[in-house]
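The next block holds one structure in the form of structure tokens; read it before the comments.
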Amino acid sequence: MDPALIWILAGLVLLGAETILPGVFLLWIGIAAVGTGLVLLVGSPPFWVTTSVFVALLAGGIAVALRLRAGRHPRPRVNTPDAGLIGRFGVLTDPGSAGPRVRVGDSDWAARLPRDVADSPAGTRVRVEGVDGTTLVVRPE
């Protein structure tokens, strides 16, 4: 059997197995094998060239996949203070010994008032103006 056809058939088998098995590791090996078979159809290079083509195609496929994956998954911003809290309204709660706190939605946050604002009593409606670490900067309405 022609070595080019063996490479192409092996690649197609790996691509078929990729549809059955979870993950994407067989995809790149299968594509590299099919690509190597196509190169062998054009000419009959020595073994080291065939191996080099397969390794280059495999490395290129993995590099492209890693680049696409890195761009697709931005860093999650769930439960961080700056994740959509600026501009929201909340209510000052009873200040503890650590300072004022504000309830925004269903969460309580450490808060501070801007320097130009005097202390406000508990129950005052406030608007979140900024985030300083894990402390919300709030201004009374």
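Please read all numbers here as calculations on a predicted model, not as lab measurements.
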For the atom pair [atom1] ([X]) and [atom2] ([Y]), what is the distance rounded to the nearest 0.5 Å?
X	Y	atom1	atom2	value
Leu14	Phe25	CG	CZ	9.5 Å
Trp7	Leu9	CH2	CG	12.5 Å
Leu26	Thr19	CG	OG1	10.0 Å
Leu136	Leu113	CG	CG	11.5 Å
Ile31	Ile62	CD1	CD1	11.0 Å

[X] and [Y]: which non-hydrogen atoms are nearest, and at how many Å?
X	Y	result
Leu92	Ser120	CD1-CB, 3.7 Å
Val102	Ala111	CG1-CB, 3.7 Å
Trp28	Ala65	CZ2-CB, 3.3 Å

task: For Thr50 and Pro46, indicate whether the former's side chain and the latter's backbone hold a donor-acceptor pair under 3.5 Å.
output: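 Yes: the side chain of Thr50 pairs with the backbone of Pro46.
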In chain order, what residues pass the side-chain contact (heavy atoms from CB on, under 4.5 Å) check against [X], with sequence neighbours excluded?
X	result
Ala110	Arg101, Thr135
Ile8	Leu12, Leu38, Leu41
Arg139	Pro114, Asp116, Val117, Glu129

Partners passing salt bridge (charged side-chain N to carboxylate O under 4.0 Å, His left out) against Arg127 (at least two apart in sequence or in another chain):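 For Arg127, no residue satisfies salt bridge (charged side-chain N to carboxylate O under 4.0 Å, His left out) once neighbours in sequence are set aside.
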field: With sequence neighbours excluded, residues passing salt bridge (charged side-chain N to carboxylate O under 4.0 Å, His left out) with Asp106
entry: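 Once residues adjacent in sequence are excluded, Asp106 has no partner under the salt bridge (charged side-chain N to carboxylate O under 4.0 Å, His left out) criterion.
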query: In a check of side chain to side chain contact (heavy atoms under 4.5 Å, CB included) between Val138 and each of Val91, Thr124, Val128, which one passes?
result: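 Of Val91, Thr124, Val128, side chain to side chain contact (heavy atoms under 4.5 Å, CB included) with Val138 is met by Val128 alone.
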Members sharing [X]'s hydrophobic cluster (side chains within less than 4.5 Å):
X	answer
Val137	none
Phe47	none
Val53	Val39, Trp48, Val49, Leu57

field: Partner residues of Asp108 under the side-chain hydrogen bond (donor to acceptor under 3.5 Å, both in side chains) criterion, sequence neighbours left out
entry: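 side-chain hydrogen bond (donor to acceptor under 3.5 Å, both in side chains) list for Asp108, sorted by chain: Arg103.
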message: Using the rule that Ile, Leu, Val, Met, Phe, Trp and Tyr join whenever any side-chain heavy atoms are under 4.5 Å apart, tell me whether Ile20 and Val13 fall into a single cluster.
response: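 In one cluster: no.
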message: Under 4.5 Å between side-chain heavy atoms, counting indirect links through other Ile/Leu/Val/Met/Phe/Trp/Tyr residues: same cluster for Ile6 and Val34 or not?
response: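 Hydrophobic grouping puts Ile6 apart from Val34.
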- request: For the residue pair Leu40 and Pro45, establish whether any side-chain heavy-atom pair is separated by less than 4.5 Å.
  value: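 Sidechains of Pro45 and Leu40: in contact.
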- prompt: Which pairs, with at least one residue in residues 28-48 and sequence neighbours excluded, count as a salt bridge (Lys or Arg N to Asp or Glu O under 4.0 Å)?
  reply: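 Residue pairs passing salt bridge (Lys or Arg N to Asp or Glu O under 4.0 Å), neighbours aside: none found.
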